[in-house]
*Asks:* 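Encoded as structure tokens, here's the structure I'll be asking about.
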Amino acid sequence: MAVAAPSFPDNMDPKQRAQHQLERLQETLNRAYRSVPFYQTRFKEKKIDPLNVGSLDDLAQLPFTERRHLAENYPYGLFAVPLRDIVRIHTAPGEGHAPSVSGYTTQDLALWNNIVARALAAAGVNANDIMQIFLDPGLASWGRGYKDGAEALEASVIPLTALSLEKQQMVLKDYKTSVVVTTPSSAEELCQGLYAKGINPNDLALRTIIFAGEPVSQEERRTIADKLHVDTWVHFGLSEVPGPAIAFECAAHDGLHVSEDHFYPEIVHPETGKPVGPGEEGELVLTTLTTRAFPLIRFRTGDRMSFIEEPCSCGRTLCRVNWHKDRTDNIVVIRGVKVHHAQVMTYISKALGFTPTCCRLLVGKRGDRVGLEVWLGMDDTIFSDEIKELERVVETVENALAQELGITARVRLSEGKVECSDPGRREVAP
Amino acid sequence: MQAEQISIFIENKAGRLAEVARILSESKVNIRALSLADTSDFGVLRLIVNHTSRAKDVLKDNGFTVRRTTVAAVEVLDQPGGLLAVLDLLNGAGINIEYMYAYANPPGGNAVMIFRFDRMEDAIELLKKNNMRILEAEELSGL
Amino acid sequence: MLQIRNLKCYYGGIRALSGVSLSVSRGELVALIGANGAGKSTLLQAICGLSSSWEGEILFDGKSLAGLKPPAIVARGVSMVPEGRLIFPPLSVLDNLKLGAYLRYRQRDHVGVSQDLEKILDLFPVLRERSKQNAGTLSGGEQQMLAVGRSLMANPKFLLLDEPSMGLAPLVVRKIFDTLVQLRETGLTILIVEQNAQAALEIADRGYVLETGRMVLAGEASQLLADKEVKRAYLGKDYSKFYEGRG
Ligand SMILES: Nc1ncnc2c1ncn2[C@@H]1O[C@H](COP(=O)(O)OP(=O)(O)OP(=O)(O)O)[C@@H](O)[C@H]1O
Ligand SMILES: [Mg+2]
């Protein structure tokens, strides 16, 4: 039986935690430097030896790891242990042609159980609960994370299956589900579906909804909470390290606590890469402290966050962040699935046989269903003065994207340049 | 023997057509003929103008995607069956019409139709052989 | 109780420790494992004030040990059982033990010393049997017990041991380690350096793995015992034939 690196008490004295974080950070850097040529090369290029990192603040000297690096080291280039020690391999959509692949040792899997269990426990999930996981297939690896974490708390789990919305509703009602793990968009659908069927929320055992995959606005939350008579909890995770619950809400519902004994968070200015001032917004950068197979050092998440300086009323001393809807990168999150601008461009080029000048990704809505909307900038190559030719382009690209991304995509041809000035803004298509 | 047309991509939203007209009029370009083909989302505006190159340049400068296409401007007798005669002729030769539209205020009483065929050369040869009048580019834009 | 941050130690121009951080909480038994020359002894010597030049931070009970001489550090409650035992063979077992309380005699704590002496002789009955014998006539295991006993005579809060199992038969190692567990239960905090990773991790709460002057791993002892990397490198199992290398 593998044993995971332990979490420290949620209310540990921050000074003491900082000591442990420093120890874990140095160990991680030493292991990564020793075992992963990518990190060794990058550190050497910058003339940085991990031993220069003598304090947590020194971490800021090290270069960032970006999503493209994961694709560039496809498939196993960033693994820090021999393949023999890897027991699970996950794939997340990457940036560019190659997906990003992450590996797990038995300890890593045990670690994930603990981290997810900790986050679920903070939401009051316990052995009396029946937890239904309702996520898009694109988030299957998170589905497993939640299943294992909930089982560790001895809750009864209805794992992620490819059931229709209708069947999910039947299960929700008949199996007396008390906790649903889902994305805000899917929750909305579920909610509308229940109302459409005339199912009264009071007839359900449902009391908790856990939102994974994408940030949610206060109004969206309130709407769902009011309609379904539930408490809602937000979890933050990364698809690159299938960690659905790196940061989680406590009963105070005031920001998310970061599992900082396992992930060291920094928030930096997206352009300069320098740390932001207290309470200022910036890009979340994470460094793994305890994962073995797949250490990530200063990974730019693209998620926009800000630290909350005040201590939390719940008594946890784990640092807190606000998760903002906009992003700092060219990624759009559709139903929790991250869609990369570069990757969409690659798919479009492949489908059309040439590379169009530009495209812009937005969140589109068709009825209740949220999907991807792609604004394809018209250029001389795409343009034809015959409508049927243009319609063929739309159809070709829509089909290719649906196939490659596994989510519905709608393509709109736009006049000229459609590059957005502020790539991270989460835009909902008009 | 062929006339020149410019095609412009526009989104199907208010004011785009007017914007094109404004840009052209500011550059002293006159629109001789116009057709708009559209779907719910977008449209293709086809124009015959008096200064094709200038029109293309100013529209491009204003961020539009523009293309020059050759078309045939065919005089159609202003009498019943005038257009039908042209269409029958082409149909008989297996030539397809991609699109067609009418020319505004043609000189001399007869109608002028702008055609885009899938086989431009063949079509023009055929029409000429059958004594149909095809307007020259200069003739058309200078009108 | 002990917090080390970013410790660097040099022998002349050679760096034996490259920025090591480690901590031990009150009442914990922590094992530090690593191959020959990793820098384990160097780390212990730095804590005890036996190393002339180190950089970084060593805090004991929240106060820095920088610049303190060994007796001052012993006076704070830190006592070490050095590598190779370093007992005095011509002296009797009893005298060897009393030497360990040298500082306390100077503080005229005679009552305390004789109480502790009794406790230690209870802990190691074999030492009581041999108390009059010259220490040089003891077996290796008995000498190690004597070395531990002598360190305890300083009435430490924190005991450091450098490879206590070295050169001893497994049964004797077991016996000494059992004693360490007993001591931990009385509230003593212990940091043990070992090449015998298996034995050390079996009794420890937590462990650290040192590799050529750098810490590469730390965790619960049970976690490290189950760790494939630790097994391959330190637990003497031959995993090399399964090693597949990077993909
Ligand atoms: N007095 C010294 N002068 C020079 N170099 C030294 C001295 N003592 C130790 N070293 C060197 O420092 C490094 C660490 O030595 P150290 O004795 O701390 O290792 P260790 O982990 O205790 O090894 P072992 O398990 O063999 O006892 C080694 O490379 C060693 O050669
Ligand atoms: Mg040594």
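Fair warning: this is a prediction, and the values are worked out from it, not measured in the lab. Protein chains get the first letters and strands the later ones, always in sequence-line order, with residue 1 at the start of each. In what follows, every heavy atom counts, from backbone to side chain, and hydrogens, waters and symmetry copies are set aside.
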*Asks:* Tell me, for Leu7(C) versus chain A, whether the close heavy atoms (under 4.5 Å) come from the side chain, the backbone, both or neither.
*Replies:*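 No part of Leu7(C) comes within 4.5 Å of chain A.
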
*Asks:* Name all residues meeting the side chain to side chain donor-acceptor pair (under 3.5 Å) criterion together with Glu154(A); count only those two or more places apart in sequence or in a different chain, and write none if there are none.
*Replies:*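 Side chain to side chain donor-acceptor pair (under 3.5 Å) check on Glu154(A) returns nothing, list empty.
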
*Asks:* Measure the spacing between CG of Asn30(A) and OG of Ser18(C) and express it to the nearest 0.5 Å.
*Replies:*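 OG of Ser18(C) is found 8.0 Å from CG of Asn30(A).
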
*Asks:* Which pair of non-hydrogen atoms, one from Arg214(C) and one from Pro50(A), has the smallest distance, and what is that distance?
*Replies:*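 Looking at all heavy atoms of both residues, the closest pair is NH1-CG, 3.6 Å.
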
*Asks:* Under 4.5 Å heavy-atom distance to chain A, tell me which part of Glu211(C) shows up: side chain, backbone, both or neither.
*Replies:*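 It is the side chain, since no backbone atom gets that close.
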
*Asks:* If I take atom CD1 from residue Ile86(A) and atom NZ from residue Lys228(C), how far apart are they, to the nearest 0.5 angstrom?
*Replies:*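 If we round to the nearest 0.5 Å, Ile86(A):CD1 and Lys228(C):NZ are 9.0 Å apart.
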
*Asks:* Would you mind telling me which of Glu220(C), Glu57(C), Met215(C), Arg206(C) has the largest number of heavy-atom pairs within less than 4.5 Å of chain A?
*Replies:*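 Looking at each of Glu220(C), Glu57(C), Met215(C), Arg206(C) in turn, Met215(C) comes out on top.
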
*Asks:* Show, in sequence, the C-alpha distance, side-chain angles and deciding distance for Arg232(C) and Asp85(A), and conclude whether the salt bridge (Lys or Arg N to Asp or Glu O under 4.0 Å) test is met.
*Replies:* CA-CA 11 Å; Arg232(C) 269 196 296 268; Asp85(A) 291 359; 2.7 Å; yes

*Asks:* Quick check on side-chain contact (heavy atoms from CB on, under 4.5 Å): which of Arg34(A), Glu27(A), Gln26(A) does Val216(C) satisfy it with?
*Replies:*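 Option passing the side-chain contact (heavy atoms from CB on, under 4.5 Å) with Val216(C): Arg34(A).
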
*Asks:* Got a sec: does the CZ of Arg76(C) have more than 12 other heavy atoms crowding it under 6.0 Å?
*Replies:*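 Atom CZ in Arg76(C) is crowded, with more than 12 foreign heavy atoms closer than 6.0 Å.
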
*Asks:* Would you compute the distance between atom OG of Ser35(A) and atom CD of Glu229(C) and round it to the nearest 0.5 angstrom?
*Replies:*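 Taking OG in Ser35(A) and CD in Glu229(C), the distance rounds to 6.5 Å.
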
*Asks:* What part of Val20(C) lies closer than 4.5 angstrom to a heavy atom of chain A: side chain, backbone, both or neither?
*Replies:*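 The answer is the backbone of Val20(C).
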
*Asks:* Are Gln19(A) and Ser21(C) close enough that a side-chain donor and a side-chain acceptor fall under 3.5 Å?
*Replies:*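 Distance-only check fails for Gln19(A) and Ser21(C).
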
*Asks:* Run the side chain to side chain contact (heavy atoms under 4.5 Å, CB included) test on Ser23(C) and Glu23(A) for me, step by step, so that the C-alpha distance in whole Å, both residues' side-chain angles and the decisive distance to 0.1 Å come before the verdict.
*Replies:* CA-CA 8 Å; Ser23(C) 52; Glu23(A) 290 173 13; 2.6 Å; yes

*Asks:* Would you say that Leu217(C) contacts Arg292(A) through its side chain, given a criterion of any heavy-atom pair below 4.5 Å between the two side chains?
*Replies:*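 Yes; the side chains approach each other to less than 4.5 Å.
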
